[in-house]
Amino acid sequence: MENAPLQQLTPSQEEAVRHIEGPLLVVAGPGSGKTRVITHRIAALIDSGVRPYNICAITFTNKAAEEMRQRACDLGASGGAHISTFHSLCVRILRRYADRAALRPNFSIYDQKDQARCVKQAVKDCRFDTSNFPPARMLDAISTLKNRLIDAESFRNDADDFFSKTLAEIYLRYQNLLSENNGLDFDDLLMKAAFLIEGAPEVNTELANRFKFLLIDEYQDTNHAQYRIAKALVSRHGNICATGDPDQSIYRWRGADINNILAFESDWPDARIVKLEENFRSTPNILAVADSLISHNQKRKLKRLVPTREQGGDVVIRAFEDENAEAAGIVRSIEMLLEQGVSLGDVAVFYRVNSMSRVFEEALIRTKIPYQVVRGVEFYNRKEIRDILAYLKMLVNPEDEIALLRIINTPTRGIGKTTIDRIGAYASANRISLFAALKKAEQIDSLSRGAKAKVAAFVEMFKRFANANVGPVAPLAEVVFDVSGLSASLLAAGAEGKDASDNVSELISAAADYDRQSEEPSLIDYLQQISLFSDTDAYDPTTGRVALMTLHAAKGLEFENVFIAGVEEGLLPHERTNSYENADELEEERRLLFVGVTRAKTNLHISYAQYRTIRGQSLRTIPSQFLFELGCNFDQQSGIDEDCDFDDEPVSEAAGVRFEKGELVRHQSFGLGRVVDFVNIGENSTVTVKFNTGQTKSLMLKYTDLVKV
DNA sequence: CTTGAGTTGGTTTTT
DNA sequence: CCAACTCAAG
């Protein structure tokens, strides 16, 4: 979506486009026309004689890559330039140089759930207790290590305390499991590619000759592995152009290192820095709110938000009784916008956690307003979809045991746990894969006559699939769905099965799209593409529906009308972020709201509920501290639209108690604790207490019975 | 071997 | 609250 006022480039944008040779950092605020600058830059590079083939642009999502390809095409810079995400680029590199990376090119890509399974297995294999070493935690730790390019061997060699040694053992086992399955997880894609490029000079040379100009978008959200890949790729020529905004860094928890962008100048001493501070997206009052909010972050480089649009539109902060009232109120506002002639595609609702989508869906269904929940990966997490994909994965990579175990008895075909265990025992005794053992079932003495026959039938079925695997994916998927018995078993399962069956049909038509769009469709390519699918990839701006999505998914998008719901303590900032003790995490949550706010072009509605149902029970909430940082007063009780006025009236002094940090206090139900923080904002003052029970709570002074001890 | 009832435990954001 | 797991009956 190009902004109308951007008829031509501003001087800064012009500079960012024309500075061709050497390192360039474009620090681009929200709505500054950054995407436009990047595409113009690609065109300018080609104009100046660079072959498209020698350009590599890296985006944050596949969707963004697709859009950039389209826009570059519109500028006449069509074809040839490599535009993709870091992960997709790594897949291509690893497949191409598989032998140099000690890999086989038909590797499976393991997602979150596959990873969880493997880690769990690894913890068990190492004979550790899964309650002392929760797989989720271990996976997190392993992921962090991989993002920092610390492989299992070197981590083990440096491990000196008990926890590290345990983790090292699990990490090693986990990597072994993956390699036995010929699988790579998301982090492996980056880590193995980084090690390959850094460790094999001839590969590096080849890639440097191929990619003579590297452009990286959303640089503030790159992790260390990506940073090292980028650095290695441009080490020969230094032609790197990074764009990003430190204030929009929201993936720290995933290993994103904001220092990559902050330290760009010291990494590249001759770097040219261009700041894009003009905002062509939002009205001045929206920008005032955004600026007021983000200025509460201490660790940041000062950047201005310069409005270019005329004043207009609303910034509204609203309080609602509970989450149902909030959803109903937002839907009511959407209806009012509709009456004003707004089109549904110009409306979006953002929230912090996916589980919040439900209440909005229900309200929208009730009022018959069409909507889309932007959650692409959810589709691929459905049981029936994972089932059929597991069949397909097996065809590409028969060593993928996770996939095999998933489908060997799905639908049920009489190959149960006992049979699988016996085949598994045979497989490990003979050091062959499970699938190889299946083919030799006839020779496994422990198997009953019936079991042997059933296994043989399964193997036979796979041969049939393999013969049908000749290129296009959709016809193959259809054969698999049918012959595997999956289709029949869903058909027999009533209404739910009908839904599931429809989902598979949807997958098959998506595969048909792939077949049509791909020059040379292949199963391996298709599977690797969909593994790297993201939530935002599912967003279709052409449907004319209200978009519901998380604040994270909203990154990079813009809407005329934005609603941000559930801005409450515990939700935003989210309680699991440890924001009370860790200032960095609090700042990241603040950036997340900043991203949400700056998506809005004309109307911005922020809301919270005074009660929210959490795990079945309705709990009183506390308005988010961020609400008080937006620089406008709001009425907490009314629930009536309250236009944000920018009064600088001092808030009334707290009537009564003040708490000091470190003070000992007692709460009616939580008991003794110590004050961690006290925010004195009049009647809405909050006090944060770390209780002796171990939990830290943020309490609103006027609702709580907190006494000094 | 399958199925269903009952139990347990975990509960953010995502390439 | 929900998903994943366990266990006993068929």
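Chain identifiers are assigned alphabetically (A, B, ...) following the order of the sequence lines, protein sequences preceding nucleic acid strands; residue numbering begins at 1 within each chain.
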In whole Å, what is the span from the CG atom of A:N381 to the P atom of B:dT14? 11 Å

Can you see if the side chain of A:N147 gets near the phosphate of B:dT15 - specifically, an N or O under 4.0 Å from OP1 or OP2? no

Look at the rings of A:F133 and A:F128 and say which category their plane angle falls in: under 30° parallel, 30 to 60° tilted, over 60° perpendicular. tilted

Please report, rounded to the nearest Å, how far the C1' atom of B:dT14 is from the CG atom of A:D114. 15 Å

A:Q115 CD to B:dT15 P: how many Å, rounded? 13 Å

Under 4.0 Å between a Lys/Arg side-chain N and an Asp/Glu carboxylate O for A:D247 and A:R300? yes

Among C:dA4, B:dT14, B:dT15, find the nucleotide with the atom closest to the side chain of A:F186. B:dT15

Could you please name the option among B:dT3, B:dC1, B:dT14 that lies closest to any side-chain atom of A:Y251? B:dT14

Just compare C:dA4, C:dC2, B:dT15 and give me whichever is closest to any side-chain atom of A:K113. C:dA4

Is the shortest side-chain N/O distance from A:T61 to OP1 or OP2 of B:dT15 below 4.0 Å? no

Identify the two heavy atoms, one from A:E326 and one from A:F360, that lie closest to each other, and give their separation to 0.1 Å. OE1-CZ, 4.4 Å

Walk along nucleotides 4-12 of chain B from 5' to 3' and tag each nucleotide B, S or - by protein heavy-atom contact under 4.0 Å, base first, then sugar-phosphate. -------BB

Would you check, one step at a time, whether the test side-chain contact (heavy atoms from CB on, under 4.5 Å) holds for A:Y426 with A:R422? CA-CA 6 Å; A:Y426 179 87; A:R422 286 174 182 161; over 6 Å; no

So, OP1 or OP2 of C:dC5: does either fall under 4.0 Å of a side-chain N or O from A:K120? yes

Flag side-chain contact, heavy atom, 4.5 Å: A:I294 against A:V597: no

Taken to the nearest whole Å, CD/A:Q226 to C1'/B:dT15 is 8 Å

Measuring from the side chain of A:R358 (C-beta onward, heavy atoms only), which nucleotide among B:dT14, C:dC2, B:dT15 has the closest atom? C:dC2

Interatomic distance where CG belongs to A:N62 and P belongs to B:dT15 [whole Å]: 9 Å

Report, as yes or no, whether the 6.0 Å neighbourhood of atom CD on A:E442 holds more than 12 heavy atoms from other residues, nucleotides or ligands. no

From CG of A:L557 over to P of B:dT14, roughly how many Å is that when rounded to an integer? 13 Å

Can you measure A:R375 atom CZ to B:dT14 atom P for me and round it to whole angstrom units? 6 Å

Is atom CZ of A:R413 surrounded by more than 12 heavy atoms (other residues, nucleotides or ligands) closer than 6.0 Å? yes

Contact class for A:F533 (heavy atom, under 4.0 Å): base, sugar-phosphate, or nothing? sugar-phosphate

Earlier contact from the 5' end, DNA chain B, for A:Q112 and A:G414: A:G414

Hey, is the main chain of A:H574 close enough, under 3.5 Å, to the side chain of A:E589 for a donor-acceptor pair? yes

Is A:T418 near enough to B:dC1 that one of its side-chain N or O atoms lies under 4.0 angstrom from OP1 or OP2? yes

So what does A:T419 touch, heavy atoms closer than 4.0 Å: a base, only the sugar-phosphate, or nothing? sugar-phosphate

B:dT15, OP1 or OP2 - any side-chain N/O from A:S534 closer than 4.0 Å? yes

Could you state the NZ-P distance from A:K454 to B:dT2, rounded to the nearest angstrom? 7 Å

Nearest-angstrom distance, C1' atom, C:dA4 to B:dT13: 22 Å

